[in-house]
Undergrad: 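Once you've had a glance at the structure underneath, I'll fire off some questions.
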Amino acid sequence: MKLLAGIDIGNATTETAIARLENDGSVTILSDGIVDTTGIKGTSQNIHGVFGSLQNALKKIDATYE
């Protein structure tokens with residue numbers, strides 16, 4: 001099973017969608033996460049918000065990343 005994460009860094013919030021890629025090529029949406037965008041959009045300060053949003057979404061499906 002492969003999980004995919006799509007992350008959108010917006011001006012006010014950073015959102016993550018987690019999906020599972022099925023063997024037949026279809027995609028099943030599993031979870032989402034949202035946090036306030038950290039720092040100025042497009043800067044390295046956004047990393048904190050990216051990981052916060054990702055962790056938020058992964059927690060909902062009892063998953064982690066390495």
Side-chain angles (χ1 to χ4, degrees):
M1 170 180 67
K2 292 184 181 181
L3 294 180
L4 307 171
I7 300 174
D8 175 39
I9 302 170
N11 290 322
T13 60
T14 298
E15 299 95 14
T16 297
I18 301 288
R20 179 177 58 230
L21 180 60
E22 307 292 353
N23 292 332
D24 65 2
S26 64
V27 176
T28 303
I29 303 295
L30 301 176
S31 180
D32 58 38
I34 187 169
V35 298
D36 290 339
T37 295
T38 54
I40 298 170
K41 184 177 174 179
T43 67
S44 61
Q45 296 170 336
N46 297 148
I47 295 296
H48 301 290
V50 167
F51 281 103
S53 180
L54 179 61
Q55 289 170 333
N56 186 309
L58 289 171
K59 184 178 179 180
K60 291 179 181 179
I61 58 171
D62 210 20
T64 60
Y65 65 89
E66 294 181 15

Undergrad: Please list, one pair per line, the donor and acceptor atoms closer than 3.5 Å that link side chains of residues 57-66 to other protein atoms, with sequence neighbours excluded.
TA:
from : atom 1 : to  : atom 2 : distance (Å)
K60  : NZ     : D32 : O      : 2.9
K60  : NZ     : D32 : OD1    : 2.9
Y65  : OH     : Q55 : NE2    : 3.4

Undergrad: Sequence neighbours left out, what pairs pass side-chain hydrogen bond (donor to acceptor under 3.5 Å, both in side chains) with at least one residue falling in residues 7-24?
TA: T13-E15, T14-T37, T16-S53, R20-E22, E22-T28, D24-S26
Undergrad: side-chain hydrogen bond (donor to acceptor under 3.5 Å, both in side chains): which pairs involve residues 38-52, sequence neighbours left out?
TA: none
Undergrad: So which atom in G49 and which in V35 form the shortest heavy-atom distance, rounded to 0.1 Å?
TA: O-CG2, 3.3 Å
Undergrad: Is I18 reachable from I34 through a run of hydrophobic residues whose side-chain heavy atoms are each under 4.5 Å from the next?
TA: no
Undergrad: Indicate if L3 and L54 have the same hydrophobic cluster label, given that clusters are the connected sets of ILVMFWY residues with side-chain heavy-atom separations under 4.5 angstrom.
TA: yes
